[in-house]
Structures are given as structure tokens and as C-alpha cells.
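This report concerns only the one structure given below.
Everything numeric in this text was worked out from a predicted model, so none of it was measured.
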Amino acid sequence: MDKVVATAVEAVADVGDGASLAVGGFGLSGVPNVLIQALYERGVTALSVVSNNCGAMESGLAVLLAAGRIGRVTGSYIGANKEFARQYLSGELEVEMIPQGTLAERLRAGGAGIPAFYTPAGVGTQVAEGGLPWRYDGSGGVALASPPKEVREFDGTEYVLERGIRTDFALVRAAKGDRHGNLVFNKSSRNFNPLAAMAGRVTIAEVEELVEPGAIDPDAVHLPGIFVQRVVALTAEQAADKQIERRTVSAPEARGTVG
């Protein structure tokens, strides 16, 4: 089945207000910026987003966040996104923060059809006991807090029950993909993109390089096409548009003198 869609706007045409999205990316790596921009242009709002972070440097999900299009975020990292922190503390944004490994496994479990699983991460903390502020009231108080979770003991160790995550849609970015939706990710962009893709009921992938079926060695496929419903081929300019979150330089080497 040829899953290629002509434009990003067409690919996200049925994403409506209030939809839930699993969005790939790790920092600024592997973020589906073109699909996110298409959602912004459509004016979709009240989105519930599941992602490692919520964008940075006015790119990625930060585009939707700054426009007030996101109502809820499930993630594990705020980073240096000051607008994210402002909306959260002012009560404009509902936020569920969870351990990063737990987030990864909740996405994977949802995509694999596993409704819930036990993990030791978070036992003895508010992650398990409840009380984490999901939404503030704008005056420093907590308007909505996380509920307690089931804790059980296995072989002398306590574990907390975490639910798998399923979303209406998933947006991901791959380095290479074919018309059947088989995808290959580059380095750290592989951290969350495959997991987000698995969690979405409808997964849309923007690919930097579109190839014909059979061009990707089956052993090289990171995510099989069964998890992908739509593919958008990026232009050369879009594929090359990659930002650096924090640029640093090495200190110059000390130069000795020859006597």
C-alpha cells in the first residue's frame, strides 16, 4: 500500500480540536517540525500532547504551545522552555510529569497492546503516592493533583502500576522511509520516535529521504510500516533545516614555547 500523502497539511487534515498526539523527538533531534507547523497553520487547538519535551527555541511543539493550542502535556522534561513553565505555573496548562524511562515504556506498551505494567520507578514518591500538581490555580495553589497509583510487591520489591499510552494520532520524523511506511531513524532521534509512532492509532511520518519499497534492507528497518498510516516526503530544504539547541566551543589548547 502506497502511504505517501502529497502535503503535510493534507496529512494532518483530520486532526481536530481536542485530539491527543504522541510526538517524537529528543531535544531538537528528530522533531516532526513540518507536521507541527501544518497543525499550527490549521488552527487546531486544545491538544493533549505526549512527548519527551514540549519544544525549545521557538521550534517543535513550542510553536503550538506559544500559540495557546496545547491544553495538556504528558512528558518528562521541561528544560529551558520558559513559556512552558509560565503556562504551567499560571494554571493555563495541565502537565503530567513522569520519569523518562516510564514514559518510554508507557508509549511502547500502548503500541504493543499492553494495558499496564509494573515498574519500581517512582515507588515511595508522589509518582506512586499521588499529589503531584497537574494544574495550578494561578495563585500558587494546586487545582488538580495526580491520583495515587496501585503498588504491589513482587519477590520482596515494591512496584507501581503504570498504564500504557494510546493517542489519537502520532507525529514522527525519520531519516529515511519507503512508500509502505517502513522507517529508519538517525542516532538520538531514535530514542522516542519509534515509541511515539507505536502509540498512535493513526501515525504520520515526515521523512527526510523517501525511497521505493525494497530499498531499505529489512534488517535496517527501525519501525515496520504496520505502525505507520501516512508518509510525507520532505523537500531538501526542509530536511536540512536542523537547529542546534546549545552551541559550545572547545577551549584552545595551551601552546608551549620551544626553548
Side-chain angles (χ1 to χ4, degrees), residues 12 15-33 35-37 39-40 42-111 121-122 126-127 130-138 142-147 149 162-173 191-193 195-201 203-204 245:
V12 301
V15 180
D17 293 346
S20 58
L21 305 172
V23 182
F26 191 74
L28 299 185
S29 300
V31 179
N33 288 311
L35 292 170
I36 291 170
Q37 183 64 32
L39 279 181
Y40 172 79
R42 287 196 56 242
V44 181
T45 190
L47 297 168
S48 294
V49 173
V50 182
S51 184
N52 175 54
N53 61 74
C54 205
M57 296 174 59
E58 300 179 352
S59 68
L61 287 170
V63 173
L64 296 173
L65 182 73
R69 308 285 181 77
I70 298 176
R72 190 180 198 277
V73 174
T74 300
S76 59
Y77 182 69
I78 293 178
N81 192 327
K82 294 182 180 180
E83 179 60 16
F84 185 111
R86 187 198 68 77
Q87 290 190 24
Y88 176 41
L89 295 176
S90 67
E92 299 172 29
L93 184 68
E94 185 175 315
V95 178
E96 180 182 2
M97 297 295 290
I98 55 179
Q100 190 171 80
T102 301
L103 174 63
E105 183 61 11
R106 286 182 67 183
L107 289 165
R108 190 203 68 82
Q126 286 182 304
V127 170
L132 284 172
W134 279 2
R135 182 184 291 276
Y136 286 98
D137 61 9
V142 177
L144 179 65
S146 64
K149 299 176 181 177
E162 294 282 1
R163 295 177 63 90
I165 293 175
R166 290 287 278 164
T167 57
D168 300 324
F169 296 88
L171 309 180
V172 300
R173 178 172 181 142
N191 286 358
F192 274 93
N193 269 302
L195 305 173
M198 292 175 67
R201 294 180 176 87
T203 293
I204 310 166
E245 187 168 0

Worksheet item: Where the side chain of N81 meets the backbone of G55, is there a donor-acceptor pair that is under 3.5 Å apart?
Response: yes
Item to complete: Indicate yes or no for a side-chain donor-acceptor contact from N33 to the backbone of G60 under 3.5 Å, with no hydrogens or angles considered.
Response: yes
Discussion item. Working note: L103 + L195, criterion side-chain contact (heavy atoms from CB on, under 4.5 Å); need CA distance, chi angles, decisive distance, verdict.
Written reply: CA-CA 10 Å; L103 174 63; L195 305 173; over 6 Å; no
Item to complete: Identify the heavy atoms of R108 and M198 that sit nearest to each other, and give their distance.
Response: O-CE, 3.9 Å
Worksheet entry | side-chain contact (heavy atoms from CB on, under 4.5 Å) assessment of R42 paired with V12 | CA-CA 9 Å; R42 287 196 56 242; V12 301; 4.0 Å; yes
Item to complete: For residues N53 and S51, report the shortest heavy-atom separation together with the two atoms involved.
Response: O-OG, 3.0 Å
Worksheet item: Does a salt bridge link R163 with E105, judged by any charged N lying under 4.0 Å from a carboxylate O?
Response: no
Worksheet item: Nearest 0.5 Å, what's the CD-OG distance between Q37 and S59?
Response: 11.0 Å
Worksheet item: Is there a donor-acceptor pair closer than 3.5 Å between any side-chain N or O of D168 and the backbone N or O of A19?
Response: no
Worksheet item: Roughly how far apart are T74 OG1 and R106 CZ, rounded to 0.5 Å?
Response: 6.5 Å
Worksheet, complete the sentence: Rounding to 0.5 Å, atoms CG (L39) and CG (L47) come to a distance of 6.5 Å
Practice prompt. Would you please test E94 and L144 for side-chain contact (heavy atoms from CB on, under 4.5 Å) and show each step?
Written response: CA-CA 8 Å; E94 185 175 315; L144 179 65; 3.6 Å; yes
Worksheet item: Do I36 and V23 come within less than 4.5 Å of each other through their side chains, counting heavy atoms only?
Response: yes
Worksheet item: Which residues satisfy the side-chain hydrogen bond (donor to acceptor under 3.5 Å, both in side chains) test with T102, sequence neighbours excluded?
Response: none
Discussion item. I want to check something: taking the side chain as every heavy atom from C-beta on, are V50 and L21 in contact at a cut-off of under 4.5 Å?
Written reply: no
Worksheet item: If you take all heavy atoms of A170 and G200, which pair is closest and at what distance?
Response: CB-CA, 3.8 Å
Fill in: Spatial distance of atom CG (L64) from atom OH (Y40) [nearest 0.5 Å]
9.0 Å
Worksheet entry | Qualifying residues under side-chain hydrogen bond (donor to acceptor under 3.5 Å, both in side chains), relative to S90, sequence neighbours excluded | E92
Response to the item:
Residues passing the side-chain hydrogen bond (donor to acceptor under 3.5 Å, both in side chains) test with R69, sequence neighbours excluded, are none
Worksheet item: Between D17 and T45, is any side-chain donor less than 3.5 angstrom from a side-chain acceptor?
Response: no
Worksheet item: Below 4.5 Å, heavy atoms only, C-beta onward: do I78 and M97 meet side chain to side chain?
Response: yes
Response to the item:
In this structure, OH of Y77 is separated from CZ of F84 (nearest 0.5 Å) by 11.5 Å
Practice prompt. Might you point out which heavy atoms bring A22 and A196 nearest each other, and give the distance in Å?
Written response: CB-O, 3.7 Å
Worksheet item: How about V127 and K149: do any of their side-chain heavy atoms sit closer than 4.5 Å?
Response: yes
Discussion item. Treating N52 as the side-chain partner and G24 as the backbone partner, does any N or O pair qualify as donor plus acceptor under 3.5 Å?
Written reply: no
Worksheet, complete the sentence: On a heavy-atom basis, the closest approach of Y88 and W134 is CE1-O, 3.7 Å
Worksheet item: Do you know which two heavy atoms are closest between I70 and C54, and how far apart they sit?
Response: CD1-SG, 3.9 Å
Discussion item. I'd like to know if the side chain of S146 reaches the main chain of G131, judged simply by a donor and an acceptor atom lying under 3.5 Å from each other, with no hydrogens or angles considered.
Written reply: yes
Fill in: Step-by-step side-chain contact (heavy atoms from CB on, under 4.5 Å) determination, V49 to L61
CA-CA 9 Å; V49 173; L61 287 170; 3.5 Å; yes
Practice prompt. Working to the nearest 0.5 Å, report the span between CZ of R86 and CG of L65.
Written response: 8.5 Å
